[in-house]
Amino acid sequence: QVQVVESGGGSVQPGGSLRLSCVASGSFFALNVMEWHRQTPGKQRELVAQTIRTGSTKYADFVQGRFTISRENGKDTMYLQMNNLKPEDTGVYYCNVRRSMADSGVWGRGTQVTVSS
């Protein structure tokens, strides 16, 4: 049973920064794909950033240049450095991990990010 735990959320003012962490444990297989998704008020859950074991990364257009995804080598731990946060970034951020792109993956319970003045 794979367990996924997010942390690092909080409340910040516009322009502030946060670093989210995701730790996955209990997997018998390599977790080659790790992703960050978010669910903002009034919208469906959407992909924020993705990292693959090969080193490839991709970002949603709305966070390009502000967020950076990274993963510790040899560990099922990843981070999302969030800079220049905007009020519209407010929402619950979820971690998803999977063996390959063909799998549905396992979700964490999410961590709340609130950006307001």
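Computed from a predicted structure; not experimentally measured. Note: hydrogens, waters and symmetry copies are ignored here, and every other heavy atom, side chains too, is used.
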Side chain to side chain, [X] and [Y], heavy atoms closer than 4.5 Å:
{"X": "Asp76", "Y": "Val97", "answer": "no"}
{"X": "Leu31", "Y": "Arg53", "answer": "no"}
{"X": "Asp89", "Y": "Arg66", "answer": "yes"}
{"X": "Ser17", "Y": "Asn83", "answer": "yes"}
{"X": "Tyr59", "Y": "Thr68", "answer": "yes"}
{"X": "Glu88", "Y": "Lys43", "answer": "no"}
{"X": "Ser70", "Y": "Thr51", "answer": "no"}
{"X": "Phe67", "Y": "Leu85", "answer": "yes"}

Which pair of heavy atoms, one from [X] and one from [Y], lies closest together, and at what distance?
{"X": "Cys22", "Y": "Val4", "answer": "SG-CG1, 3.6 Å"}
{"X": "Ser117", "Y": "Pro14", "answer": "N-CD, 3.9 Å"}
{"X": "Val2", "Y": "Val106", "answer": "O-CG1, 3.8 Å"}
{"X": "Gln39", "Y": "Gln44", "answer": "CG-C, 4.4 Å"}

Criterion side chain to side chain contact (heavy atoms under 4.5 Å, CB included) on Val115 and Lys86, from CA distance to verdict: CA-CA 6 Å; Val115 185; Lys86 305 176 181 179; 5.6 Å; no
Candidate pair Phe62 and Arg38, rule side chain to side chain contact (heavy atoms under 4.5 Å, CB included), full reasoning
CA-CA 12 Å; Phe62 54 81; Arg38 75 182 185 187; 3.0 Å; yes
Only residue of Tyr93, Tyr94, Trp107 satisfying ring pair (Phe, Tyr, Trp, His ring centres under 6.0 Å) with His37 is Trp107
(Q) For a side chain to side chain contact (heavy atoms under 4.5 Å, CB included) check, start with the C-alpha distance between Ser100 and Asn32, then their side-chain angles and the critical distance, and finish with the verdict. (A) CA-CA 6 Å; Ser100 71; Asn32 295 307; 5.6 Å; no
CZ (Arg99) and OG (Ser104) are apart, to the nearest 0.5 Å, by 10.5 Å
Taken to the nearest 0.5 Å, the spacing of Gln81 CD from Leu20 CG works out to 9.0 Å
(message) As a quick check of understanding, evaluate side chain to side chain contact (heavy atoms under 4.5 Å, CB included) for Trp36 and Cys95, giving each step before the final call.
(response) CA-CA 5 Å; Trp36 285 103; Cys95 178; 4.2 Å; yes
Hydrophobic cluster identity match, Val92 and Ile69, side-chain contacts under 4.5 Å
no
According to a hydrophobic-cluster definition based on side-chain heavy atoms being under 4.5 Å apart (Ile, Leu, Val, Met, Phe, Trp, Tyr only), do Leu80 and Val12 belong together?
yes
Is it true that Arg109 and Glu6 make a salt bridge, defined as a side-chain N closer than 4.0 Å to a carboxylate O?
no
